[in-house]
Number of protein chains: 2
Amino acid sequence: MKELNRIHLNGLRALEAVGRLGTLARAAGELGVSAGAVSQQIIKTEAQLGRPVFVRKGRGLTVTDFGERFLARLTAGFRTLDEAVASAQRHADTVLTISVAPVFASKWLVPRLDRYSRANPGMRLRLDATVDLVDPDVSDIDVAIRVGPGEWPNVKLDKLLDQEVFPVCAPELAARIAEPADLLGLPVVFDSNSVLKWDSWLGLFGLSEKDMQGGSSFTDAALALDAAIAGQGVMLAWQTLAYYPLKTGALVMPFRERARTGNSYWLVTSSTRREEPKVARFKNWLRAELAETERDFELLAQNAAVPRL
Amino acid sequence: MKELNRIHLNGLRALEAVGRLGTLARAAGELGVSAGAVSQQIIKTEAQLGRPVFVRKGRGLTVTDFGERFLARLTAGFRTLDEAVASAQRHADTVLTISVAPVFASKWLVPRLDRYSRANPGMRLRLDATVDLVDPDVSDIDVAIRVGPGEWPNVKLDKLLDQEVFPVCAPELAARIAEPADLLGLPVVFDSNSVLKWDSWLGLFGLSEKDMQGGSSFTDAALALDAAIAGQGVMLAWQTLAYYPLKTGALVMPFRERARTGNSYWLVTSSTRREEPKVARFKNWLRAELAETERDFELLAQNAAVPRL
DNA sequence: TCCTTCATGCAGTTTTTCTATATGATTGGC
DNA sequence: GCCAATCATATAGAAAAACTGCATGAAGGA
């Protein structure tokens, strides 16, 4: 990359534009400057190159043999640069990249994406489903949604929703439940990967996980959810996981009580980058959707099969 | 090529250099400016792009995921530009392109090229052997050598040598020649393409081509020359054509008289471009070689088999 | 012939870029 | 644990570059 030091880049660009468009005036139009400016640029740059690229014959410019080959290469180079910048811009404005946990994505976010598309025409979403928190400064993502106590360093955090857990089960099973203690006699579907403990909910009623029956165990919350829907047991679920099965009636929520886990849903963005409009729009949309989810839970609680104690 | 208007090219170049070299200081070294200047450039350009390319974490810079892809494309684009400029420069300094008539090239110039190479190490010659005069402004050639009255418009002309014609023949045939009139009784080798006429030489002695015998005719001077060497007749030759056969004795020059043709050898260059050093050097070398050729002809004339009238 | 289009020359102004220096922050050696 | 080196950034003034607007000259078309 040593040769470019001798040459003014803007001069090369002027050369290229004139070569491609034929006249100074058209090149000036593309470059957004006056024709005189372009004239000065190409003269200076030809001098720096040491050989003429254009022939002046009174009126207009024609390209020398050398210029023909040279300009072709310039065009190729500048086109590459232009495409790089264009894709950066396009990407910047119309593509929103979100990093979310796979379960949250599949059970809650993905089913709502068509609503997002309708509300934000032209925007394209890219979902990056990973478990680990990525650094929003380094990585490609615009926003991340993560569950936790909210103690990540060097990022900007917005709390979206407090995570709460509660039992869910298939309707057939719910018929055998009248009060919390009934849960102890039923099979349980465990999500062995989760750090959430039954005790946080059972404790509300003075019960303990130790007294529960055994049951099936799954390494993935989605599998455990399917097992619960199949009627294989009671499951400890949380809002975004159980939302759709509850809405369709595939699962029911025997009790209206929900227990705080100490975790919340956080929207994670870069602490150094200024918030872009597309991010702000997504944030607002997400808040509205979560608020609706929360309202639906209020309704579900009122219809809970078993009245509160 | 519209996106590049929003971005400063030099800023992109700074971005690319920093991405490739890792630190501001190294990039500044390559770009030939101070580190502070590079810092300002990349900050400004990142703002223009609308997204950061580098992450600042106290000391040093690391590249974002986006930057990784973006910088790769920038590097490709700038490399293309750099190579275009580099080849232009290289070409400009070390390659000399000469347009010459094929006969002149093969009979006089090419045998001397090794002398040129020894005198100008590092220089590479490109011979463009065409009959028509090419426009030195438009075409790729640095210099052209042409024979004619010197009336070409819009070019710079340097006279190299006046063209002169004279009879040549094989030594066996020369034994039958004592005076110019003897030529009328000998077979003649004609170059039917040439505009040169025997009368210009015969006229010096009050003779005329009408009185000559017929003979073989060739559409190419080189073929006619070979026929003359083979002893098939007398030929009207000129300096640069007959030089080597005369020097080796394959042909002889029966008379020392040479007739002007009105044509000269001209060195043709662009009338608008400033003369480059490599062209000036070639011109000097060519003059010296032609001067030597002319001296050799003086010696040949002194040894001419037939004394002047 | 007149009018339009084209490239270039020029002077002054505006914009950009650069240097030089200072600052804060981090790393690595001792 | 401290010191020196390295690194990026900030700032202000200086230097360089690019641009505008207009004038000029040359060529082609109606």
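Lettering of chains follows the sequences in order, A, B, ..., and the numbering in each one begins at 1. Computed over heavy atoms, backbone and side chain alike; hydrogens, waters and symmetry mates excluded.
For the pair A:Leu21 CG and C:dA7 C1', the interatomic distance rounds to 16 Å; values are reported in whole Å. In this structure, B:Arg26 atom CZ and D:dA8 atom C1' are separated by 14 Å, rounded to whole Å. The distance from atom CZ of B:Phe54 to atom C1' of D:dC7 is 14 Å, rounded to the nearest whole Å. For the pair A:Arg56 CZ and D:dG25 P, the computed distance is 19 Å after rounding to whole Å. Computed from coordinates, the B:Leu31 CG to C:dC18 P distance equals 8 Å when rounded to whole Å. The separation between A:Leu15 atom CG and C:dA7 atom P is 13 Å, rounded to whole Å. Note: CG (B:Leu24) to C1' (C:dT19) measures 15 Å, nearest angstrom. Here the P atom of nucleotide C:dT15 and the CG atom of B:Asn5 are 18 Å apart, to the nearest Å.
For a distance-only test at 3.5 Å, the side chain of B:Gln40 qualifies as a donor-acceptor partner of the base of C:dT19.
Under a 3.5 Å cut-off, the side chain of B:Trp266 and the backbone N or O of B:Gly148 do form a donor-acceptor pair. A donor-acceptor pair is defined here as one N or O able to donate and one able to accept, closer than 3.5 Å; such a pair exists between the side chain of B:Thr64 and the backbone of B:Val53. A distance-only check finds no donor-acceptor pair linking the side chain of A:Asn193 to the backbone of A:Asp220 [under 3.5 Å].
Out of D:dA18, C:dT8, D:dC7, the shortest distance to the side chain of B:Thr23 is found at D:dC7. Side-chain proximity of A:Ser34 to the nucleotides C:dC18, D:dC19, D:dA8 is greatest for D:dC19. For B:Val33, whose side chain is taken as the heavy atoms from C-beta onward, the closest listed nucleotide among D:dT20, C:dC6, C:dT19 is C:dT19. Taking the side chain of B:Gln41 as heavy atoms from C-beta on, and the options C:dT8, C:dT17, D:dA8, the nearest nucleotide is C:dT17.
A salt bridge is defined here as a Lys NZ or Arg NE, NH1 or NH2 lying under 4.0 Å from an Asp or Glu carboxylate O, and A:Arg69 with B:Asp140 meets this definition.
Projected onto DNA chain D by closest heavy-atom contact, B:Ala25 and A:Val38 fall at different nucleotides, the more 5' of which corresponds to B:Ala25. Comparing A:Gly36 and A:Asn10 against DNA chain C, the residue whose closest nucleotide sits nearer the 5' end is A:Gly36.
For the side chain to side chain contact (heavy atoms under 4.5 Å, CB included) with B:Ile98, the lone residue among B:Ile145, B:Leu113, B:Ile141, B:Asp128 that qualifies is B:Ile145.
Residue A:Lys44 places no side-chain N or O under 4.0 Å from the OP1 or OP2 atom of D:dA17.
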